[in-house]
Participant: 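Take this structure, written in structure tokens, and hold onto it; I'll ask about it next.
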2 protein chains.
Amino acid sequence: MPTVDDVAQAAGVSRQTVSNVLNSPEIVREATRQRVLEAISSLGYRPHASARRLRTRKSATIGVRIDPWRDGISGAVLDRFLHKLTEHADARGLRVMVFSAADPDDELARIRRLREGSDVDAFVLTATTHGDERIRALTEQGVPFVAFGRPWDPETSAVRHRWVDVDGRAGVAGAVRHLREQGARRVGWIGWPHGSGTGDERRAGWEAACGVDADARAALARHVEDGVTEGSRAAAELLALPEPPDAIVCASDSLALGAMIAARTAGRPALPVVGFDDTPVAAAVGLSSIEQPLDDVVAAALDLLFGPAGDDVRPNPSSDEEPTDRLLAPRLVERRPGHLALDAIPGT
Amino acid sequence: MPTVDDVAQAAGVSRQTVSNVLNSPEIVREATRQRVLEAISSLGYRPHASARRLRTRKSATIGVRIDPWRDGISGAVLDRFLHKLTEHADARGLRVMVFSAADPDDELARIRRLREGSDVDAFVLTATTHGDERIRALTEQGVPFVAFGRPWDPETSAVRHRWVDVDGRAGVAGAVRHLREQGARRVGWIGWPHGSGTGDERRAGWEAACGVDADARAALARHVEDGVTEGSRAAAELLALPEPPDAIVCASDSLALGAMIAARTAGRPALPVVGFDDTPVAAAVGLSSIEQPLDDVVAAALDLLFGPAGDDVRPNPSSDEEPTDRLLAPRLVERRPGHLALDAIPGT
DNA sequence: CTGAAAGCGCTAACAG
DNA sequence: CTGTTAGCGCTTTCAG
């Protein structure tokens, strides 16, 4: 495997010039540069990443914790996020290292280890929670990071840090408004129990846009654990109401799938149902869903960490100079329900 | 950040002794070892990974290509594989680096780059195909790797390499046999078009175990592209037969979900349907499914690469010494269909 | 703009 | 068993 010295010799320059061609091309005379570049490609030279890292103390690598696979359909979002992250990172010449951890403490320990070896420059935190310990800890330790998920409590908000999130409230409100424009008068809601930041935000979007009074809202909303069965049961309840909803928006695709099945079972296969996250299942069964703009999320996260271009990690934000967060709007993906099995049966 | 020198000084030994304590503890006297260990933890010393890599020319890191997210439910298997891989790797002190690539050529180029920088010691190839170019290329280049997926053609089989796969044929045959023990007399099959190794294997399992003659087999089998809609349509056809199947086994959960919906629509909600891969969707809707033993797959892959313990990559196999592949049996996860929406509707 | 010198932190050889 | 001596390949001073 050739080294800088080999290249230098082949090009008839000093070792340093080669390094300059690679790292600060603008200060090298064009002719020399060409000669060096030629030598590089004819020798098939590749800089040795570890040597460079040892010297520069950076790795151009970002770390992401990869969660244990949770049951439920919604978990897929983080996987898609990881895919996107990898693609964008590759495009910027960054590498992505994944690791697993049993709990937040374990995650912090692993992060420390990865960083001390200069294995990883910066981290992406996913799934922020109420009272997330990670944010304060990493900020105190000076570990550069960006969170996918806004701060959900005042203490965490007070810690100035970088984050990107998707505006679930706006997404749901938009979907509800759209349904009403299509003629829906009573849009139901199936969401999660109160207390999860994400869930409460999404529900707030429904509340703001559904256009019915508090009593009707109480009747038209259900809050259950995430799951197809739960969504099915909740939807069945709503549909059995004296004044049933004429459309249902759900906090997740799992709930929405359940609602869709319940609607069919109740003889209302055309009931508009909207899910959240636009998972593959939604696409597969023809369910409308609110899609998180993961491409934009990832691009924003990398911008925050590394600046608009380049692979130099910026230190965590200290004062209030530039913006350190980004809230992105999701998009409704519309599909026609019922295009599926019913039509597919010959003779129906 | 402390270095070996700091530790050596604190412990009153030479720099080398510290290194020995870390890398060959058995050659250091117990008392000295203790003293060094104490210094290490009191200083919070961590070896610098890049320096070590530069010196030893290995990284204790494995690389995995992460595919662009495909639509369809089945893609989830590779994600779960990645999760498992990360967990097992962490347990062995290995790191996992993910990267994306546009196509197999691009993948090879990226692999070369990652390896030349000593960024990655070995690779895990997923989703092997007919005429997979990667296997020959990596073998020729001497890049250590293990494939998740057996060789599907004679040329690739002739290239001695390490691989792990799941015996889809045995899995399907087992499921069919089980259904027959439960009383099914005509077990149908919905699979993929001929030509995909995986699909053909699974179909062969059905063929071997279904216990009907060739004519009946022809009637009871459908081969369609993967997808819920396709599965639904195929199942509807089978159920409309003069002698319909009394159970259906499918090559994927997507197909099975479609079949399940079709069965309900056709008024046969209790028809046993079995999918493949045991994806979250199957669990969500209560679909039986054949589960790939990913834990075992990953453990076997790492064993093949690194030996039963340790983090030293073995070179690719040359002669026929040890076994270099492993075929694992999947497991049927049984669920009761129909526990879902129908029962959940109040008043039914 | 180009060249020479120094050293990042670590471990593989050797000599004691 | 312990200490000394050399680099791994690269970049960052600092003179020419």
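Lettering follows sequence order; numbering is per chain, from 1.
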Participant: Less than 3.5 Å apart, any donor N or O on the side chain of B/Asn20 or B/Thr17 sitting next to an acceptor on the other?
Facilitator: no

Participant: Taking the nucleotide of DNA chain D with the closest heavy atom to each, which residue, B/Gly12 or A/Ser50, is nearer the 5' end?
Facilitator: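 The residue mapped nearer the 5' terminus is B/Gly12.
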
Participant: When you match B/Arg29 and B/Ala51 each to their closest nucleotide on DNA chain D, which lands nearer the 5' end?
Facilitator: B/Arg29

Participant: Quick one: label B/Thr32 by what it contacts on the DNA or RNA (base, sugar-phosphate, nothing), any heavy atom closer than 4.0 Å.
Facilitator: sugar-phosphate

Participant: Kindly say if B/Ser19 contacts the phosphate of C/dT11, meaning a side-chain N or O under 4.0 Å from OP1 or OP2.
Facilitator: yes

Participant: Between C/dC8 atom C1' and A/Lys58 atom NZ, what is the distance in whole Å?
Facilitator: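 My rounded result for the distance is 14 Å.
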
Participant: Would you say B/Glu38 has more than 12 foreign heavy atoms packed within less than 6.0 Å of its CD?
Facilitator: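 Not more than 12 within 6.0 Å, no.
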
Participant: Using whole Å, what does the distance between atom P of nucleotide C/dT2 and atom CZ of A/Arg33 come to?
Facilitator: 12 Å

Participant: Just verifying a value: how many Å separate B/Arg160 CZ and B/Ile135 CD1, rounded to the nearest 0.5 Å?
Facilitator: 14.0 Å

Participant: In sequence, state the C-alpha distance, the side-chain angles, and the governing distance for A/Asp132 and A/Thr128, and then conclude on side-chain hydrogen bond (donor to acceptor under 3.5 Å, both in side chains).
Facilitator: CA-CA 6 Å; A/Asp132 202 309; A/Thr128 56; 5.1 Å; no

Participant: Roughly how far, to the nearest 0.5 Å, is CD1 of B/Ile62 from CG of B/Leu94?
Facilitator: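 Taking CG in B/Leu94 and CD1 in B/Ile62, the distance rounds to 5.5 Å.
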
Participant: Indicate the atoms forming the closest heavy-atom contact of B/Pro151 with B/Trp163, along with that distance.
Facilitator: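 Heavy atoms of B/Pro151 and B/Trp163 come nearest at CD-NE1, 3.2 Å.
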
Participant: Atom NE2 of A/His48 and atom P of C/dG9: how far apart are they, to the nearest Å?
Facilitator: 16 Å

Participant: Grab the CD1-C1' distance between B/Ile27 and C/dA13 for me, whole Å please.
Facilitator: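 The distance from CD1 of B/Ile27 to C1' of C/dA13 comes to 12 Å, rounded to the nearest Å.
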
Participant: For B/His83 and A/Asp79, test the side chains for any donor-to-acceptor distance below 3.5 angstrom and give the result as yes or no.
Facilitator: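 A/Asp79 and B/His83 do have a side-chain donor-acceptor pair below 3.5 Å.
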
Participant: Using a 4.0 Å heavy-atom cut-off across all strands, classify A/Asn23 as base, sugar-phosphate, or nothing.
Facilitator: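 Sugar-phosphate contact only - A/Asn23 comes under 4.0 Å of backbone atoms but never of a base.
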
Participant: Bend angle of the helix from C/dC1-D/dG16 to C/dG16-D/dC1 from five-pair axes at both ends, rounded to 10°?
Facilitator: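 Taking five pairs per end, the axes differ by 30°.
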
Participant: Over all heavy atoms of both residues, which pair between B/Pro25 and B/Arg33 is shortest? Give the atoms and the distance, please.
Facilitator: O-CD, 3.9 Å

Participant: With respect to B/Phe99, which candidate in B/Ile111, B/Val120, B/Ile66 satisfies the side chain to side chain contact (heavy atoms under 4.5 Å, CB included) definition?
Facilitator: B/Ile111

Participant: Rounded to the nearest angstrom, tell me the gap between atom CZ in A/Arg53 and atom C1' in C/dG7.
Facilitator: 19 Å

Participant: If you take all heavy atoms of A/Asn316 and A/Phe145, which pair is closest and at what distance?
Facilitator: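 In terms of heavy atoms, the two residues are closest at OD1-N, 3.3 Å.
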
Participant: So that I can tick it off, tell me whether B/Asp295 and B/Lys84 are bridged by a salt bridge, with the cut-off set at under 4.0 angstrom between side-chain N and carboxylate O.
Facilitator: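 Yes, this pair counts.
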
Participant: Expressed as a whole number of angstroms, how long is the span from A/Asp5:CG to C/dG3:C1'?
Facilitator: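 One finds 13 Å between C1' of C/dG3 and CG of A/Asp5, rounded.
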
Participant: Does a side chain donor of either B/Ser59 or B/Asp121 reach within less than 3.5 Å of an acceptor in the other side chain?
Facilitator: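 A pair is found: one side chain offers a donor N or O, the other an acceptor, under 3.5 Å apart.
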
Participant: Any protein N or O atoms within reach of nucleotides 4-6 of chain C? Criterion: under 3.5 Å, listing atom names and distances.
Facilitator:
from, atom 1, to, atom 2, distance (Å)
C/dA6, N6, A/Arg15, NH1, 3.2

Participant: For a 4.0 angstrom threshold against heavy atoms of chain B, report the outermost contacting nucleotides of DNA chain D in 5' to 3' order.
Facilitator: D/dC1 to D/dG9

Participant: For A/Asn20 and C/dT2, what is the distance between atoms CG and P respectively, to the nearest whole Å?
Facilitator: 8 Å

